[in-house]
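In what follows, chains carry the letters A, B, and so on, assigned in the order in which the sequence lines appear, proteins first and then strands, with residues in each chain numbered from 1. This one's a predicted model, so the numbers in the text were calculated from it and none came from an experiment.
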Amino acid sequence: MAIQIYNTLTRKKEPFVPRDPGQVSIYVCGITPYDQSHLGHAVPSIIWDAIRRFLEFKGYKVRLIQNFTDIDDKIIARAQDTGEDVFEISQRYAEEYLGAMDALGVKRADLYPRVSQEIPAVIEMIEELVEKGNAYVVDGDVYFDITSFPEYGKLSGQQLEELEAGTRLAVDERKRHPMDFALWKSAKPGEPAWDSPWGKGRPGWHIECSAMSLKYLGNGFDFHGGGGDLVFPHHENEIAQSEAYTGEPPFARCWVHNGLLQVKDEKMSKSLGNFTPLTDLLAEYPAGVIRFYVLSSHYRSPLQYSEEKLEEARRGWERLMDTVENLKHLLTSMEKLGAPEGDGLSPDGVETPAIRQLAEAVESARTKFIAAMEDDFNTASAIAALFELARSVNTFQGQAADLTDGERRQSVPVLREAAAVFQQLGGDILGLIEAKSSSSAAQELTEALLDLLVEVRQRARDQKDWATADYIRDELGRLGVKLEDSPLGTRWKL
RNA sequence: GGCGGCAUAGCCAAGUGGUAAGGCCGAGGUCUGCAAAACCUCUAUCCCCAGUUCGAAUCUGGGUGCCGCCUCCA
């Protein structure tokens with residue numbers, strides 16, 4: 001089954017056909033680093049991280065580029081307010097953003113280009129557009145002439161006449177059409193500026209993404225992504241200037257827009273002031289919870305933010321994590337019985353229903369998960385497949401005590417498969433299951449001591465010394481360690 | 001005013017014309033020395049109206065409500 005993806009440009013799902021066989025090129029609009037990043041910024045990053053991991057899982061070589069807009073009115077305004085240097089500000093917040101992405105387990109993009117480092121490419125592109133008659137110069141500013149691009153509006157479905165009628169701001173009289181947009185802005189005193197054929201100035205907002213994506217991915221790259229609020233005018237303008245420039249549409253083959261994060265039915269945004277900084281959020285929630293929260297709805301749907309939603313996500317995520325831990329524990333107990341005889345998956349008539357059912361559940365989960373991801377990256381549905389497997393694993397655990405030693409041995413390969421599915425699909429692709437960080441000596445000691453306490457408590461239980469057993473459990477509980485008894489032994493968890 | 005999108009149980013959320021995945025919460029039950037965890041059972045006819053169809057949450061038309069964009073925004 002081929003991957004199907006919804007393309008904003010055509011408004012329907014299309015089969016994915018990469019420009020270059022076996023390779024996928026992706027450009028995601030990044031942030032303007034002038035303030036702290038919030039969850040809304042993490043949404044596309046997490047979504048694209050899952051998409052790129054899935055594409056890699058499918059065997060594609062992925063090249064992902066995400067820009068930083070490090071020259072912008074807001075950064076300049078901020079610099080003028082604080083007296084700080086423009087580039088110090090953008091540098092600091094860009095680093096903070098990357099730090100948060102690392103904490104969220106988002107794989108780094110292959111490149112994070114910054115406009116300030118790409119001025120020659122920008123100028124080259126604008127020059128060409130002026131030469132071709134798609135742009136005009138007025139007093140050191142350069143504007144794109146949208147009437148020169150007949151297909152203007154094809155991404156957002158806008159009509160030129162309506163746009164003109166709906167203009168809300170006072171229109172710059174020097175522009176030929178109200179919606180003509182700046183490719184180059186002449187410098188005002190005190191602003192960062194570069195020399196250009198039109199005098200000192202700086203790039204407009206839209207041109208950078210065109211210049212950098214064309215430079216680093218080439219024309220006709222596979223995916224162009226970003227938040228739904230960028231469809232118009234940003235991406236519309238990118239298409240206009242890029243396709244006018246290259247003369248060879250399409251600029252990007254598939255446009256992918258994610259739903260926006262909302263707070264109390266309003267978009268979370270810096271300008272509305274209704275945001276929680278990512279750094280604060282990360283202090284309160286494990287990365288896996290935040291990813292779970294974002295990925296548990298479809299990427300194109302708007303996402304409602306609230307503490308309750310995150311708490312709900314935490315409980316769901318913990319259940320999944322508990323099952324994964326359960327599974328490890330179960331596998332360890334079974335492995336103690338020695339290597340399996342045969343593969344356990346098809347031991348003609350010897351297998352017990354419990355094992356067969358688990359084996360079927362593993363296969364079913366894998367199949368459903370992959371089918372869900374192939375269908376427009378339906379992470380919500382993919383997660384549901386993981387939960388179904390979780391239930392099967394837990395059910396099996398309940399039955400495990402009744403199995404014979406031989407059957408237990410047979411279950412080992414199936415359990416290994418189940419663990420692999422969780423790791424590969426939930427871990428490698430969705431990034432929900434964190435690989436245990438290499439444990440320090442102190443951690444190892446702690447674990448050994450806990451094992452010892454559990455063992456001591458077990459001896460007490462064997463002698464029906466419930467007082468001692470409960471004392472150990474209660475006191476450990478006070479220290480944040482939970483004990484759970486099962487027929488296969490006691491598990492502790494922090 | 002224009003453009004785009006969304007409306008599924010108490011909450012969140014999938015859903016490709018054939019009698020509604022999954023999660024959270026809640027109720028009951030099983031297991032357990034107790035506890036925890038887990039498992040089982042229960043909780044919707046899909047905003048409204050009309051139409052197409054043997055059959056629609058899924059298609060068409062009309063309402064209603066909400067969101068995004070048209071100004072910087074992931």
At under 4.0 Å between heavy atoms, what does [X] touch on the DNA or RNA strands: base, sugar-phosphate, or nothing?
X        : result
A:Gly30  : sugar-phosphate
A:Thr8   : nothing
A:Leu260 : base

Within the structure, does a side-chain N or O atom of [X] lie under 4.0 Å from either OP1 or OP2 of [N]?
X        : N     : value
A:Arg300 : B:G4  : no
A:Asn378 : B:G15 : yes
A:Arg319 : B:C24 : yes
A:Arg315 : B:C25 : yes
A:Asn394 : B:C39 : yes
A:Thr323 : B:A38 : no

Checking side chain to side chain donor-acceptor pair (under 3.5 Å) between A:Thr10 and each of A:Lys12, A:Glu14, A:Lys13, which is the one that passes?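 The side chain to side chain donor-acceptor pair (under 3.5 Å) with A:Thr10 is passed solely by A:Glu14 among A:Lys12, A:Glu14, A:Lys13.
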
From [options], pick the nucleotide closest to the side chain of [X]?
X        : options             : value
A:Ser297 : B:G33, B:G23, B:A14 : B:A14
A:Arg11  : B:G5, B:A21, B:U71  : B:G5
A:Met179 : B:A74, B:G22, B:U71 : B:U71
A:Lys309 : B:A74, B:G68, B:C11 : B:C11
A:Arg391 : B:C40, B:G68, B:C70 : B:C40

State whether A:Tyr6 and A:Arg300 meet the cation-pi test: NZ (Lys) or CZ (Arg) under 6.0 Å from the six-membered ring centroid, and within 45° of the perpendicular axis. yes

Side-chain donor-acceptor pairs under 3.5 Å in residues 364-373 of chain A, sequence neighbours left out?
from     : atom 1 : to       : atom 2 : distance (Å)
A:Arg366 : NH2    : A:Glu417 : OE1    : 2.5
A:Thr367 : OG1    : A:Glu363 : O      : 2.8
A:Lys368 : NZ     : A:Glu388 : OE1    : 2.8

Tell me if the side-chain of A:Lys74 makes a donor-acceptor pair with the base of B:C72, cut-off 3.5 Å, by modelled atom types.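 Side chain to base: pair found, below 3.5 Å.
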
State whether the distance check finds a donor on one side and an acceptor on the other, under 3.5 Å, for side chain A:Arg473 versus base B:C34. yes

Residue whose nearest RNA chain B nucleotide is more 5′ - A:Val231 or A:Ala384: A:Ala384

Which residue lies more 5' along RNA chain B, comparing A:Gly316 with A:Val43 via nearest heavy atoms: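 It is A:Gly316, whose closest nucleotide lies nearer the 5' terminus.
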
Answer for the Watson-Crick or wobble partner of B:G51, both distances under 3.5 Å, is B:C59

Counting only Watson-Crick or G-U wobble pairs whose two distances fall under 3.5 Å, which nucleotide matches B:C69? B:G2

As an exercise, state the distance from CG of A:Asp322 to CG of A:Asn394, rounded to the nearest 0.5 Å. 8.5 Å

Separation between CD of A:Gln423 and CG of A:Leu432, rounded to the nearest 0.5 Å: 10.5 Å

Under 5.5 Å between ring centres and under 30° between planes: true for A:Trp466 and the base of B:G33? yes

Please confirm whether the backbone N or O of A:Ser116 pairs with a side-chain atom of A:Asp70, one donor and one acceptor, at under 3.5 Å?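 Checked: pair present.
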
Between B:C39 (C1') and A:Asp322 (CG): distance, integer Å: 15 Å

Roughly, in whole Å, what's the span from OH in A:Tyr299 to C1' in B:C6?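 In whole Å, B:C6 C1' lies 15 Å from A:Tyr299 OH.
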
Checking A:Arg114 against A:Gln91: is there a side-chain donor and acceptor pair closer than 3.5 Å? yes

Are a donor atom and an acceptor atom from the side chains of A:Tyr152 and A:Thr147 found within less than 3.5 Å of each other? no

I'd like to know whether A:Arg174 forms a side chain to side chain contact (heavy atoms under 4.5 Å, CB included) with A:Tyr143, so could you lay out the CA-CA distance, the side-chain angles of the two residues, the decisive distance to 0.1 Å, and finally the verdict. CA-CA 10 Å; A:Arg174 304 172 309 158; A:Tyr143 290 99; 3.2 Å; yes

Are any protein N/O atoms closer than 3.5 Å to N/O atoms in nucleotides 7-10 of chain B? If there are, list each pair with its distance.
none

Ring pair (Phe, Tyr, Trp, His ring centres under 6.0 Å) partner of A:Phe223, chosen from A:Phe16, A:Tyr27, A:Trp255: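 Single pass found, and it is A:Phe16.
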
Residue-level proximity of residues 481-489 of chain A to RNA chain B when a heavy atom falls under 4.0 Å: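 Residues of residues 481-489 of chain A under 4.0 Å from RNA chain B: A:Leu483, A:Glu484, A:Asp485.
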
